[in-house]
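Right, one structure below, let's go through it.
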Amino acid sequence: MASPARSGRMLLTAPALAIIVAFMLLPLLLMAYISILEKGPAGGVRWGAHTVEAYVAFLFERDLADELVLNTDYLRIFLRSFWLAGLTTLITLAIGFPTALGMALAPPRWRTFLIFLVTVPFWANLLVRNYAWIILLRNNGLVDQARHAVGLGSGPLDLLYTPVAVLIGLVYSYLPFMVLPIFASLEKLDWRLVEAAFDLGARRWQALRRIVVPLAMPGIVAGCILVFIPGLGAFITPELLGGGKALMIGNLIQSQFGAARNWPFGAALSFALLALVLLAMLAYLLRYRAPPGAER
Amino acid sequence: MSPSSLRFPGLRAVLASFFVYLYLPIIVLVVLSFNASPQATIWTGFSIDWYGRVLDNPDLMRAFRNSLLIATTAAVGATVLATLAALGTQRRQGGAVDAVNAVIALPLVVPEIVTAVASLLFFIMIGLRLGLGTVILAHLVFCIPFAYLPIRARLEGMDAALEEAAADLYATPAATFRRVTLPLLWPGLLSGLMLAFIISLDDFVITYFVSGPGATTLPVYIFGMIRIGVSPEVNAVSSLILLISIAFVAASWVIGRLKR
Amino acid sequence: MTVRIRAGAVGMAMLAMLAAGGAQAAGELYLYNWTNYFPPDLLKKFEADTGIKVILDTYDSNETMLAKLQAGGGGYDVVVPSDYIVPVMIEEGLLLEIDAGAMENFKNVASPFDKQWFDPERKYTAPYMWGTTGFSYDSARVPGGALEESWASFFAPPPELHGQVAALNDEVELYNAAALYLGVDKCTESAEEAQKILDVLEKQKPLLAMYQSDGTIERMIAGEVIMHHQWNGAAHRTREQKPSVVFVYPKEGLNFWQDNFAVPKDARNAENAKVFINWMMAPENIAVASNFTGYMNAIKGSEQFMDAALRDDPAVVMPAEYADRLSPAKDCSEKARELRNKVWTRLKK
């Protein structure tokens, strides 16, 4: 496969791997250990006292007779976060792909400028951006007023504090993470290929599906990972725009290190999440990674 | 201009509406920084007082400087490491590459609060003194995947012929990198750098835990306001940051023009 | 390529230096507090008076501050913990004994703040601000112009208010309010009582517009909601711009909280911290802080330096007849906390 000259290249991954192993994997192992410790009476943990209680508590609780019974509260919260992150990923992809295509087709001297332009809004703080959305979306807010001014309905929109508002906010927050990777992979596209396809009588959708999308695939995958996984942990936007009526994985785990002072359970919840994400990735690899030499 | 753009006539409109969506809240945010009212979201009149307050608030200014310093250092560092890693896995498949990708994606998968507490415990354990340095280190780690994925997406399927041709012409590896690889990589590199930068600039939870005295950043400062009420100072300081970013954009625009 | 790697190594070395650096000179004070909870001008006055330079760092809740100190993060000289978290910090050995009770300006501390359950001899803490958590409503928009002074008005509001009520998005505050409403111990260890609290909260949930802790002032002024579960200082700021708003001291009792100055064990400038804490117990200084935060302090004689609007607001200076309605915070047992968190999770599952 790789020529001997290139096999040394693998070494280039060493600095990044070293940093991540030292300052991410090692701390994570420490956390794994914490997840099997007993929680301390005032928070923190009891070093040396082991239990798997935290993992049991993810799915079961003790009823009054001290029997273990199934408790689906945490699963439902997990499901909600997965659903929301998935929906956000689909919508950012639907908006992000044509946008990235438009950017890639812009004149070359525009392109660096466009990359900056996509990220500028995100230099402003997350909280402040969400407040701006509240002002736009709330009843009698700017969107409402604009709608009334052009004569589209008269009553309040009742958009803020609904799942739609949460999606608007989340999609907004994650758009650059979808647009830029797709743009980066589309920009190298040799448009002569597309032209040739058109010359051969291909229709627009065929050209897109057969040539553009396959070439953009690495960017699409990267974008989906960068939106979906951080989206799983998102909770500030859902809380501010959704009215705080439903917990997300993010604030469930956060509260274990906060008001609940139950570090082991917080750690166990994280490893449950980690396991689910790894399973999803594995499923993706098994399903879509074609065996070597096979035609895709 | 590429003739293909003519084949997709709706794209201009898509691009335009995308940027309207992107900039609508930003316009609101900047307008409200000129609000006279102490309540950020209720307009009462025009005033530039909040800018005066920001400039006169040494703690807020320090948080502002810390944020920019941390985000710049971490994003640049992460982009360098990510570029090396992406070049290392370029045009390779198989178990080793999958393993590398999995390790690099790790900081993405772990919930922030867990990374935060784990990093803090770990830093204390190995005797690091908390401060700006520990914050930069933690940011560097979680920025790497955000820089790596766009760069790798860029590299994947890229033609090796150019680099090999350069090598055949006896170009040194360094020259090949500078003259051939880097220009080819540029859109991915810049995308990765910018994504790493904005993700670092927005981080609150990890920063909060691994920071030491004097290392408060803007998000930590702003979240601390929740109990007392967020003031338009925050809009003003965000607008100042936007101003800096717009200076960058303007510079890139001018440079883009000059190159032609 | 080697050039790049070397550049990376230099970067790492610089990082290490940054991490090791940051040593403090004499004459500094690292204050760890909520954002916007201390007037910047007062810090400047302190610097002018004493020559000690104050550097402010911020946090967003008692619990995150505790978690950070428990994990060993520190280096701060003064922290501002609330009452219920103080015994935990003492027990965990996180606080330095500063004997605030023996400080020169401690004589200014009003009763009952000189002796408090969480630190009876004031060995570790000195008072900063105190306040209450009740609810407020816009009297112009409720039927009859007034509501009963009871948590019932909040947990079971009249039909006109349905969908126009907001609760604090705060596990502890909301749970405590429901416990007070039911007359149940807020640190109950009984599953049946916790279930009753959950029932109240679940019944209220569909009537609420939202759970939200920030922006309460704006939401009330803008009229987005008619009633808001609120801290009294926030209610005061709401009333400044919307005088028709009333802050309610419910007859079943309401949460009474006190924030305190304390010195962490690993403080590097403990002497400066004591100077600061003593200085803050002078009426003319603490009054500036009250004017800025909108909360009442515990220092005798500070009223004369306070803004009239603040001094005259019953939401801030509690009318004497309500004194028996105050329900001091307490730190709940492990079991009680677990029940509380379960109720919270089930409410929002």
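Any value given below was found using the heavy atoms of this structure, including those in side chains, with hydrogens, waters and symmetry copies removed. Bear in mind that the values here come from a model prediction, so they are computed numbers and not experimental data. A note on names: the letters A, B, ... follow the listed sequences, proteins ahead of strands, and every chain is numbered from 1.
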Worksheet item: Are E338(C) and K39(A) close enough that some pair of their side-chain heavy atoms sits under 4.5 Å apart?
Response: yes
Item to complete: Side-chain contact test, heavy atoms from C-beta onward, threshold under 4.5 Å: evaluate it for I134(A) versus R219(C) and give yes or no.
Response: no
Separation between [atom1] of [X] and [atom2] of [Y], rounded to the nearest 0.5 Å:
X	Y	atom1	atom2	result
K348(C)	E239(A)	NZ	CD	5.0 Å
C332(C)	R261(A)	SG	CZ	8.5 Å
E218(C)	R138(A)	CD	CZ	8.0 Å
D214(C)	N130(A)	CG	CG	10.0 Å

Which atom pair, heavy atoms only, marks the closest approach of [X] to [Y]?
X	Y	answer
A67(C)	F257(A)	CB-O, 3.7 Å
A259(A)	R340(C)	O-NH2, 3.4 Å
P41(A)	R337(C)	O-NH2, 3.1 Å
Q70(C)	G44(A)	OE1-N, 3.7 Å

Item to complete: Mind jotting down which residue pairs meet the side chain to side chain donor-acceptor pair (under 3.5 Å) criterion with at least one end in residues 159-168 of chain C? Sequence neighbours excluded, please.
Response: none
Worksheet item: Can you pull the side chain to side chain donor-acceptor pair (under 3.5 Å) pairs that have at least one residue in residues 12-28 of chain A, sequence neighbours excluded?
Response: none
Given heavy-atom pairs under 4.5 angstrom as the criterion, report whether the side chain, backbone, both or neither of [X] touches chain A.
X	answer
T345(C)	both
I85(C)	side chain
D170(C)	neither
Y84(C)	side chain
A167(C)	neither

Chain C contact via [X] - which portion, at a heavy-atom distance below 4.5 Å:
X	result
I77(A)	side chain
Y74(A)	side chain
Q256(A)	side chain

Atom [atom1] of [X] with >12 non-hydrogen neighbours under 6.0 angstrom:
X	atom1	value
E91(C)	CD	no
W117(C)	CH2	yes
K205(C)	NZ	yes

Worksheet entry | Sidechain-backbone polar pair: K245(A) side chain, L208(C) backbone, donor-acceptor under 3.5 Å | yes
Item to complete: Answer yes or no: is there a donor N or O on one side and an acceptor on the other, between the side chain of Q212(C) and the main chain of L240(A), under 3.5 Å?
Response: yes
Worksheet item: Under 3.5 Å, is there a donor-acceptor pair between the E224(C) and Y161(A) side chains?
Response: yes
Response to the item:
Checking T72(A), D73(A), N71(A) against K349(C) for side chain to side chain contact (heavy atoms under 4.5 Å, CB included), the one that qualifies is D73(A)
